Amino acid sequence: MEYIQGISTQTRLFGYAFLTGLALGLLYCVFRFIRTLFGNKKAVCYVADVLYFLICGVVILFFNLVFDEGRLMVFTVFGVALGAAVFYLLTAKISIRICSFLVKALRVIILLIIAPFKLAGRKIGSAGAKLREIWRKRTKKSEKKSKNSLQNE
């Protein structure tokens with residue numbers, strides 16, 4: 001374990017930290033998709049944000065444990081932040097468009113899958129309504145007949 005790292009080691013760690021930041025930026029796009037899928041409701045946003053930052057914390061902790069023997073260096077934190085910022089700045093507009101397109105497409109697919117079941121449910125519901133009406137008419141007739149037969153006895 002060397003206490004004073006050389007420039008090559010620091011550069012390598014900074015590069016790994018930058019790549020980790022890019023990966024965390026990609027993970028943020030996944031969480032953005034989930035948030036958009038649920039309509040950006042407050043509860044979903046809170047849970048997604050807390051979960052994202054917990055995952056980021058664990059990833060940075062493991063990064064430091066694996067690559068830098070558990071030491072937390074300012075340049076590695078800066079590398080992670082820079083990687084995430086670069087990913088976000090380069091892909092923000094595209095990822096938002098892709099995310100909204102995927103959410104719309106997923107909703108259309110779900111509607112196409114559900115549509116036959118809704119149609120069948122309506123047909124069954126209307127048939128059930130007709131059967132209830134027939135049943136109601138027959139019970140009224142049978143009530144009248146039974147009332148008349150009791151009165152005749």
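The model shown is predicted, which means the values in this text are computed figures rather than measured ones.
Hydrophobic clustering (side-chain heavy atoms under 4.5 Å, transitive across Ile, Leu, Val, Met, Phe, Trp, Tyr) keeps Leu13 apart from Leu61. Follow the hydrophobic side-chain contacts under 4.5 Å out from Met73 and you reach Phe18 in the same cluster. Residue Leu106 is not grouped with residue Leu111 when hydrophobic side chains (ILVMFWY) are merged at heavy-atom distances under 4.5 angstrom, including chains of intermediate members. In the hydrophobic clustering of ILVMFWY residues, with side-chain heavy atoms under 4.5 Å counting as a link, Phe62 and Ile60 come out apart. By the criterion of side-chain heavy atoms lying less than 4.5 angstrom apart, applied directly or through intervening Ile, Leu, Val, Met, Phe, Trp or Tyr residues, Ile94 is grouped together with Leu102 in one hydrophobic cluster.
Distance check, rounded to the nearest 0.5 Å: CD1 of Ile34 to CG of Leu51 gives 8.0 Å. Of the inter-residue distances, the one linking Asp49 atom CG with Cys56 atom SG reads 10.5 Å to the nearest 0.5 angstrom. In this structure, OG in Ser95 is found 12.5 Å from CZ in Phe33, a value given to the nearest 0.5 Å. Going from atom CD1 of Ile114 over to atom CD1 of Ile109 covers 12.0 Å, rounded to the nearest 0.5 Å. The NZ atom of Lys104 sits 11.0 Å away from the OG1 atom of Thr36 when rounded to the nearest 0.5 Å.
For the pair Arg71 and Asn64, the tightest heavy-atom approach, listed with the atom from each and the gap, is O-OD1, 3.3 Å. Across all non-hydrogen atoms, the minimal contact from Leu22 to Gly83 is CD2-O, 3.2 Å. Between Phe31 and Ile55 the shortest heavy-atom distance is CZ-CD1, 3.8 Å.
No donor-acceptor pair closer than 3.5 Å links the side chain of Arg32 to the backbone N or O of Leu27. No donor-acceptor pair closer than 3.5 Å links the side chain of Tyr52 to the backbone N or O of Val47.
Other residues, nucleotides and ligands contribute over 12 non-hydrogen atoms within 6.0 Å of the CZ atom of Arg136. For Phe75, the CZ atom counts as densely surrounded, since its 6.0 Å shell holds more than 12 non-hydrogen atoms of other residues, nucleotides or ligands.
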Worked verdict on Phe87 versus Cys29 for side-chain contact (heavy atoms from CB on, under 4.5 Å):
CA-CA 10 Å; Phe87 183 86; Cys29 286; 3.6 Å; yes
Does Asp68 form a side-chain contact (heavy atoms from CB on, under 4.5 Å) with Phe63? I'd like the steps, not just the answer.
CA-CA 7 Å; Asp68 202 16; Phe63 171 82; 5.8 Å; no
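Between Phe67 and Tyr16, the angle of the ring planes lies from 30° to 60°, which puts this pair in the tilted group.
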